[in-house]
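One structure below.
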Amino acid sequence: MAGELALGLLEKAECERVRRDLEGDAELRDAYRFWTERFTSFYEAEDMAGVAPPPRVLGNIEHALFGEEARPLSVRLWNALSATENRGLVVTLAVAKAALLLWILYLFL
């Protein structure tokens with residue numbers, strides 16, 4: 001809980017409850033102080049300014065969160081467009097594109 005509070009990940013009600021618990025729980029207060037100092041050191045590290053993470057980092061995070069292998073953006077986009085629930089949107093966009101093309105041709109021919 002202390003780490004989540006330090007990162008600001010808690011919902012409002014839970015955040016307020018944990019902040020109240022901080023007043024009476026020395027162990028929780030020490031843990032909160034530890035995580036706050038640890039996360040603050042990441043933001044204050046001048047040697048890390050402007051350093052981008054390696055490309056594999058996003059894939060590792062996705063794998064840890066969702067359990068699937070990292071796929072290139074083009075593959076993920078294609079899978080999203082070919083999903084059954086998106087077919088209506090894809091057809092609508094294709095018809096709109098065709099209508100726009102016909103209108104442009106009409107104007108210039």
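Computation of the quantities below employed the complete heavy-atom set of this structure, encompassing side-chain atoms and omitting hydrogens, waters and symmetry-equivalent molecules.
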Please name all residues satisfying side-chain hydrogen bond (donor to acceptor under 3.5 Å, both in side chains) with [X], sequence neighbours left out, ordered by chain then number.
X	result
N79	none
R29	none
R33	D30

When Ile, Leu, Val, Met, Phe, Trp and Tyr are grouped by side-chain heavy atoms lying under 4.5 Å apart, directly or through other members, which residues fall in the same group as [X]?
X	answer
W78	none
V75	none
Y32	M1, L5, L10, V18, L22, L28

Problem - Exercise: identify the closest heavy-atom pair between N86 and A80 - result: ND2-O, 2.5 Å
Completion exercise
W35 and A6 have their tightest heavy-atom pair at CB-CB, 4.0 Å
Practice task
List in chain and number order the residues that pass salt bridge (charged side-chain N to carboxylate O under 4.0 Å, His left out) with D25, two or more places apart in sequence or in another chain; answer none if no residue qualifies.
Solution key: none
Can you give the donor-acceptor pairs under 3.5 Å from side chains of residues 88-109 to other protein atoms, not counting sequence neighbours?
unit_1	atom_1	unit_2	atom_2	d
T92	OG1	G88	O	2.8

Problem - Side chain proximity check, E16 to R19, heavy atoms < 4.5 angstrom - result: no
Fill in the blank from the handout: Rounded to the nearest 0.5 Å, the CD atom of E27 sits from the CG atom of D21 at a distance of 12.5 Å
Handout entry: Interatomic spacing from CD in E11 to CD in E4 - rounded to 0.5 Å
Key = 10.5 Å
